[in-house]
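A quick note: this is a predicted structure, and the numbers were derived from the prediction, not measured. In listed order, ligands and their atoms are each counted from 1.
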Amino acid sequence: MNRAELASLYARVRRTSEQLAAPLTVEDMVVQTMPDASPTKWHLGHTTWFFETFVLSTQPFHQPFEARWFPLFNSYYQSVGVPHPRAARGQLSRPTVSEVRAWRRAVDEQMATWCARADEGTFDTLAPVVEIGINHEEQHQELLLTDVKHVLASNPLAPAYRPLPTQKGAHVALAFHAFDGGLIEIGHRGDGFGYDNELPRNRHWLEPFALANRLVTAGEWLAFMCDRGYERAELWLAEGWEHSRHERWHAPLYWRGAGDEWMIATLGGERPVDPLEPVCHVSFFEADAFARWAGARLPSEAEWERVTATQRTDGNLLESGALHPCPLGVAPAGVTQLFGDVWEWTSSSYAPYVGYRPFQGALAEYNGKFMCNQFVLRGGSCATPARHIRASYRNFFPPAARWQFSGVRLARGR
Ligand SMILES: [Fe+2]
């Protein structure tokens with residue numbers, strides 16, 4: 001990217017974050033309803049801290065906007081300081097939301113100046129870091145929405161983030177499409193941006209397999225619940241069963257009700273569960289138990305990428321404005337809903353590809369140190385910016401996490 005392109009993309013991404021925060025009150029933006037879900041104020045500050053720390057602060061004569069704030073907005077980068085505890089981000093009434101916004105404006109002005117005036121060598125060295133910062137902010141745009149959803153859904157008044165469009169669906173029969181096995185290559189091809197965890201390209205041997213034509217629906221999940229899926233230990237991994245008992249899981253996160261009467265909290269407020277919409281906010285443990293109940297399994301990330309590598313990344317992503325997984329209107333010709341709607345749990349542990357090399361310097365902490373006890377999710381969700389997703393993209397969360405827009409696609413052998 002040249003200077004003008006980088007500056008323009010930077011400005012666009014920063015503006016989008018502000019637009020996503022616009023429907024919120026100041027009070028909405030400071031609450032933290034669980035350790036994993038950060039306040040909107042923190043997301044707005046943290047993404048700003050990222051640019052100030054990894055770009056502007058490396059420049060001579062840079063004066064920090066307010067260096068005392070840095071530990072508060074450092075997420076997990078031990079090499080640049082001691083981060084404030086994640087679970088305590090919602091205890092900070094200062095800096096205020098308006099102070100964080102002033103910080104954003106100041107950093108944006110300095111970044112614009114840097115893009116225009118940095119000498120050639122400095123620009124070439126730091127432009128890739130700015131690009132990582134832009135992609136990082138896109139990740140936080142999705143997190144901002146998932147975390148706001150948790151804040152609003154935790155409130156008995158069930159406030160809406162904003163009104164959402166209603167989506168009418170049609171029943172689409174579940175079908176499996178067969179794919180050949182063989183030696184395949186997955187990973188980022190080097191065209192455009194990719195994270196270090198998508199590299200290098202690496203080979204996998206696949207047995208012939210079949211992939212479901214669509215995502216698992218809420219109606220199918222209701223059938224699992226009616227068949228006592230949450231009460232049958234034989235369907236669950238031991239750790240999942242323990243967790244499910246401890247947390248008293250009996251339905252996806254954000255479902256409330258009993259029998260056939262279930263309500264769901266969405267970013268548009270609470271409404272009845274639509275049995276035709278993709279099920280969302282389920283953990284890996286639940287997805288795995290459901291797949292076993294259904295006589296199927298979760299796809300591996302190599303199988304998923306084998307199918308999607310040649311597909312367009314179209315789908316119900318952030319820009320669609322739905323902010324909720326949508327039911328299908330018509331039966332697909334092939335495999336559909338691969339991008340957008342919900343992140344799809346895979347059976348693959350989040351591990352480095354053979355030959356993995358982390359980003360250089362402090363950004364080596366970005367991905368690599370989380371490659372333990374997490375599972376890979378693929379495909380993006382209704383909260384993922386369209387520019388952010390690609391076939392090789394590897395998202396990852398612990399197996400019990402369910403506050404992300406995470407759902408299920410089934411696979412099986414042929
Ligand atoms: Fe971050």
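Looking only at atom types and distance, the side chain of Glu198 has no donor-acceptor partner in the side chain of His188 under 3.5 Å away.
Considering CD of Glu66 and CD of Glu99, their distance stands at 8.5 Å, rounded to 0.5 Å.
Under the 30°/60° scheme for interplanar angles, the aromatic rings of Phe65 and Trp103 are found to lie parallel. Between Phe284 and Trp345, the ring-plane angle classifies as perpendicular under the 30° and 60° cut-offs.
Taking 2.8 Å as the limit, the number of protein N, O or S atoms around the Fe ion (ligand 1) is 3.
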For the pair Phe396 and Phe370, evaluate side chain to side chain contact (heavy atoms under 4.5 Å, CB included) and give the outcome as yes or no after the intermediate values. CA-CA 9 Å; Phe396 52 91; Phe370 299 110; 3.7 Å; yes
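Just one residue in the list Arg378, Arg297, Arg409 forms a salt bridge (charged side-chain N to carboxylate O under 4.0 Å, His left out) with Glu303, and that residue is Arg297.
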